[in-house]
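As structure tokens, the structure follows; a few thoughts come after it.
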Amino acid sequence: MIAFVSGPVAALAPTQAVIEVGGVGMAVQCTPGTVSGLRIGETARLATSLVVREDSLTLYGFADDDERQVFELLQTASGVGPRLAQAMLGVHSPDALRLAVSTGDEKSLMAVPGIGKKGAQKLLLELKDKLGQPLGTGALVGAQRAAASGPAPWTEQLAAALIGLGYASREAEDAVSAVTPQAEEAIAAGGSAPVPQLLRAALQSLNRAR
């Protein structure tokens with residue numbers, strides 16, 4: 001198993017980073033949040049999980065070991081493969097997922113693309129005794145309170161991801177504004193802002209503007 005990769009960041013895409021390791025470019029699948037913390041040319045260390053299939057070897061990368069552990073635990077639930085597990089971590093932090101499962105919060109899980117009401121209910125049952133309690137509930141609550149009086153967390157995450165991909169701050173702000181109605185619609189429907197889809201929509205708006 002490849003536990004981690006460390007080296008200069010050679011390239012970035014919305015959901016992928018290429019890390020140079022010993023002269024070899026390792027393509028690592030990441031969430032937009034993880035990508036947003038990377039910069040081309042700077043050295044990065046990503047915890048990784050190698051998924052082996054008959055026709056492919058896919059390396060998934062994470063900001064820390066806790067995120068990787070949750071990624072692997074999520075896949076112990078029936079019907080959850082690596083792509084869905086990564087999508088869940090793209091929308092929620094490890095502690096937010098622990099909190100959702102421990103409190104039976106269906107809506108939080110339904111905010112993840114590909115998870116409906118029945119799927120959320122099934123996941124709550126299967127993961128209840130696997131993820132455990134949030135590691136930093138106090139900090140999580142504090143962040144939620146701060147978010148209520150400041151910019152929405154998704155706006156900061158999206159802007160950081162765009163800047164990490166090489167866009168200027170002004171371009172990132174314009175793209176965030178362009179997709180805000182889409183995010184507000186998702187939130188009004190009882191979910192949360194779907195950052196991966198918003199990132200794709202933001203990139204499309206930037207491409208049209210150029």
Quick one: side-chain hydrogen bond (donor to acceptor under 3.5 Å, both in side chains) partners of [X], sequence neighbours excluded?
X	answer
Glu106	Lys117, Gln121
Glu185	none
Asp66	Arg98

Evaluation steps, side-chain contact (heavy atoms from CB on, under 4.5 Å), between Thr58 and Val52: CA-CA 7 Å; Thr58 306; Val52 180; over 6 Å; no

What's the separation between atom [atom1] in [X] and atom [atom2] in [Y], rounded to the nearest 0.5 Å?
X	Y	atom1	atom2	answer
Gln69	Leu74	CD	CG	10.5 Å
Lys128	Ser102	NZ	OG	9.5 Å
Thr15	Gln86	OG1	CD	7.0 Å
Ile2	Leu59	CD1	CG	5.0 Å

Give the intermediate values and the outcome of salt bridge (charged side-chain N to carboxylate O under 4.0 Å, His left out) for residues Asp174 and Arg170. CA-CA 6 Å; Asp174 290 343; Arg170 181 57 184 272; 3.5 Å; yes

Please determine, by modelled atom types, if Lys130 and Thr76 share a side-chain donor-acceptor pair under 3.5 angstrom.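 Their side chains do contain a donor-acceptor pair, which is all the 3.5 Å distance test asks for.
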
When you group the ILVMFWY residues by side-chain heavy-atom contacts below 4.5 Å and let the links chain together, are Val91 and Leu127 in the same group?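 Yes, same cluster.
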
Is it possible for you to say whether Leu99 and Leu89 belong to one hydrophobic cluster, with membership spreading through side-chain heavy-atom contacts below 4.5 Å?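 As far as the 4.5 Å side-chain criterion goes, Leu89 and Leu99 are not connected within one cluster.
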
I'd like to know whether Leu97 forms a side-chain contact (heavy atoms from CB on, under 4.5 Å) with Leu109, so could you lay out the CA-CA distance, the side-chain angles of the two residues, the decisive distance to 0.1 Å, and finally the verdict. CA-CA 8 Å; Leu97 283 171; Leu109 295 185; 4.0 Å; yes

Passes side-chain contact (heavy atoms from CB on, under 4.5 Å), Trp154 versus Val179? Steps please. CA-CA 11 Å; Trp154 72 266; Val179 300; 4.2 Å; yes

Sequence neighbours excluded - side chain to side chain donor-acceptor pair (under 3.5 Å) pairs with any residue from residues 42-56: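 Checked against side chain to side chain donor-acceptor pair (under 3.5 Å) - neighbours excluded - the pairs reaching residues 42-56 are Ser49-Glu72.
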
Answer whether the closest heavy-atom distance between the side chains of Leu123 and Val101 falls below 4.5 Å.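 A side-chain contact under 4.5 Å is absent here.
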
Leu84 and Val112, any side-chain heavy atoms less than 4.5 Å apart: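 With C-beta onward as the side chain, the pair touches.
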
Ring pair (Phe, Tyr, Trp, His ring centres under 6.0 Å) contacts in which one or both residues fall within residues 66-91, not counting sequence neighbours: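 Counting only pairs at least two positions apart or across chains, the ring pair (Phe, Tyr, Trp, His ring centres under 6.0 Å) contacts touching residues 66-91 are Tyr60-Phe71, Phe62-Phe71.
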
Using atom types as modelled and distance alone, determine if a side-chain donor or acceptor of Arg39 lies under 3.5 Å from a backbone N or O of Ser36.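 A pair under 3.5 Å: yes.
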
Output a table of donor-acceptor pairs, distance under 3.5 Å, between side-chain atoms of residues 17-34 and any protein atom two or more places apart or on a different chain; print 'none' if there are none.
{"from": "Gln29", "atom 1": "NE2", "to": "Gln16", "atom 2": "OE1", "distance (Å)": "2.7"}
{"from": "Thr31", "atom 1": "OG1", "to": "Thr34", "atom 2": "N", "distance (Å)": "3.2"}
{"from": "Thr31", "atom 1": "OG1", "to": "Thr34", "atom 2": "OG1", "distance (Å)": "3.1"}
{"from": "Thr34", "atom 1": "OG1", "to": "Glu67", "atom 2": "OE1", "distance (Å)": "3.4"}

